[in-house]
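One structure is given here, and the rest of the page talks about it.
Remember, predicted model here, so these are calculated numbers, not experimental data.
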Amino acid sequence: MRFNFSTHSAAPTSTAPATTTQVNGSNGSNGANGDQANQPLKKAIEADPDSLDSVISNPQSYPITIVPNRPTSYYGLSQNGKPFTRQPSCRSRNFRPGSMRRVRRRAVFKNGDCNVVQKHLQRRRVRFLQDMYTTMVDWQWRWTLLAFALSFILSWLFFALIWWLIIYTHGDLEEPHLPDNQEESGWAPCVSAIDGFTSCFLFSIETQHTIGYGVRTTSPECPEAIFMMCFQSIYGVMSSAFMAGIVFAKMTRAKQRAQTLLFSKHAVICQRDGTLSLMFRVGDMRKSHIIGAGVRAQLIRTKSTKEGEVMTQYFTELEIGTDDSGSDLFFIWPMVIEHKIDENSPLYNLNATDMLQDKFEIVVILEGTVESTGQSTQARSSYINTEILWGHRFDPVVLYNKDLQAYEIDYGRFNETTQVDTPLCSARELNEIYKIQEGFRTPASPSIQSRCSCSSGYQTPGRQSRLRWQHSVPL
């Protein structure tokens, strides 16, 4: 890099002597004093003529403006003159502008968990403690097991302390009344073979769980000991039943069965019998089937009322079914669930472009009864607009194996789709095109025909023509 000092700008030159000659010429016009004033600048530039730091280190030696309106930190110096150090960046080296996709908000995750956080609940802890059984079932396993262990240990210690107080007040812990001296003194204790708190703790465990080793036993000398033995026995049965019921309910709850119910990663839109349809696939990994399985789908979308109210979470039920059996499934293998986009569908006016730009979420719910346990279960998933493939169709996964003489399910192709010819227009525009071809309406506007991107031809007079669509767009 060479600097043209006569014009106060940086200009590249081909040889070093040109710069030397120009500086010397300038010195000759200024005289001897000018030679002495410019000598430090000349040395700084000739030492490393290609270095920008040599010019910046002597900013007052010559009035040079390198780049206007730039902060000093841009050239390696901070505002206070100290060297500027670049902060380490957390951005990946593979980052490119536009390569990262914006995460869309959704109400239900793909694994079925609801993306809901509650706050400002009044008396939250009190209300949860009132329903202690459900609260403990909803706990994580580490807290449930910790409560399970503490419920027994703390009860053993509590009753051991009560037994120790009963025995201490009766005088069984005095030296002449200890088990080794009871035969000589003729003392009748409340509980035999008790000589301290440790033996009281062991007797508490034996009483609560009716172990009965046959060494420590109560006597009729202390009515309070008899009452405490009955009370602890009742408490032990109730606490064991309560904790065992919590662990059993936690192990057999319906949420665990839902882990083996599968939903396809994407939903697809294609034509079926001349009508656009939204489809997704469901499957069950277990051999024990879901009895009375039913599927529901709801659309979450923003809606504005006539009064101007904006409802950001507006639910609309979608009419879905599989083949001609409706939403009730005979769920023995993976099935494709279909929603016909007709006049009653909220997706009736959406084309391929609108599907990309619009913001909505389709929540799908599979419910039924577990055959092995008889409990109801529910599995959930959702699809946002970017997870819907326009112009795709699911590949078949159920084939008959002649060697095994049984139907074989290939779950490796559960999410596989095939791109097919599908119109890019909305279902409403597609129906208008069909009616025009059948002669029921006047010709549609050219904009509708261009959005559908179709070429038509009649097969048989009086019957609906077959449209061969030229494009399909995966979202």
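- Tested against Cys270, the residues Thr418, Leu389, Val420, Thr417 include a single side chain to side chain contact (heavy atoms under 4.5 Å, CB included) partner, Val420.
- Within the 4.5 Å cutoff, side-chain heavy atoms of Val282 are placed close to those of Phe331.
- Across every non-hydrogen atom of Glu367 and Ile290, the tightest pair is O-CG2, 4.5 Å.
- Counting only distance, with no hydrogens or angles, the side chain of Asn385 and the backbone of Leu356 share a donor-acceptor pair below 3.5 Å.
- Side-chain contact between Tyr348 and Arg428 is present, with heavy atoms from C-beta onward closer than 4.5 Å.
- Ring geometry for Trp156 versus His209: interplanar angle over 60°, hence perpendicular rather than tilted (30 to 60°).
- Of all heavy-atom pairs spanning Ile388 and Met355, the tightest one is CD1-SD, 4.4 Å.
- At least one donor-acceptor pair closer than 3.5 Å links the side chain of Asn415 to the backbone N or O of Lys265.
- At least one side-chain heavy atom of Phe148 sits less than 4.5 Å from a side-chain heavy atom of Val247.
- Residues passing the salt bridge (charged side-chain N to carboxylate O under 4.0 Å, His left out) test with Lys340, sequence neighbours excluded: Glu338.
- In terms of heavy atoms, Leu347 sits closest to Ile341 at O-CG2, 3.4 Å.
- Of all the heavy atoms in Leu318 and Ile362, the pair that sits closest is CD1-CG2, 4.0 Å.
- Taking 4.5 Å as the limit, every side-chain heavy atom of Gln259 sits out of range of all side-chain heavy atoms of Met285.
- The shortest heavy-atom contact between Arg301 and Pro346 is NH1-O, 3.2 Å.
- Using the six-membered ring where Trp is involved, Tyr407 and Tyr400 have ring planes that are perpendicular, over 60° apart on the 30 and 60° scheme.
- Distance alone, capped at 3.5 Å, is enough to place a donor-acceptor pair between the Lys110 side chain and the Ser382 backbone.
- A donor-acceptor pair is defined here as one N or O able to donate and one able to accept, closer than 3.5 Å; such a pair exists between the side chain of Tyr383 and the backbone of Ser264.
- In this structure, Gln232 contributes its side chain and Ser204 its backbone to a donor-acceptor pair below 3.5 Å.
- Side-chain contact between Phe152 and Ser240 is present, with at least one heavy-atom pair separated by less than 4.5 Å.
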Per-pair distances, 0.1 Å, donor-acceptor, side chain in residues 114-123, under 3.5 Å, sequence neighbours excluded:
residue : atom : partner : partner atom : Å
Asn115  : ND2  : Arg106  : O            : 3.1

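- No hydrogens or angles considered: nothing links the side chains of Asn349 and Ser426 as a donor-acceptor pair under 3.5 Å.
- Looking only at side-chain heavy atoms (C-beta outward), Met311 and Thr305 come within less than 4.5 Å of each other.
- Two residues are said to be in side-chain contact when any heavy atoms from C-beta on lie closer than 4.5 Å; Arg393 and Val268 fail this criterion.
- With a 6.0 Å radius and a threshold of 12 heavy atoms from other residues, nucleotides or ligands, Lys250 has its NZ atom above the threshold.
- Under the 4.5 Å side-chain criterion, counting only non-hydrogen atoms from C-beta, Leu157 is in contact with Phe201.
- Remark: side-chain polar atoms of Thr377 are not paired, donor with acceptor, to backbone N or O of Val370 under 3.5 angstrom.
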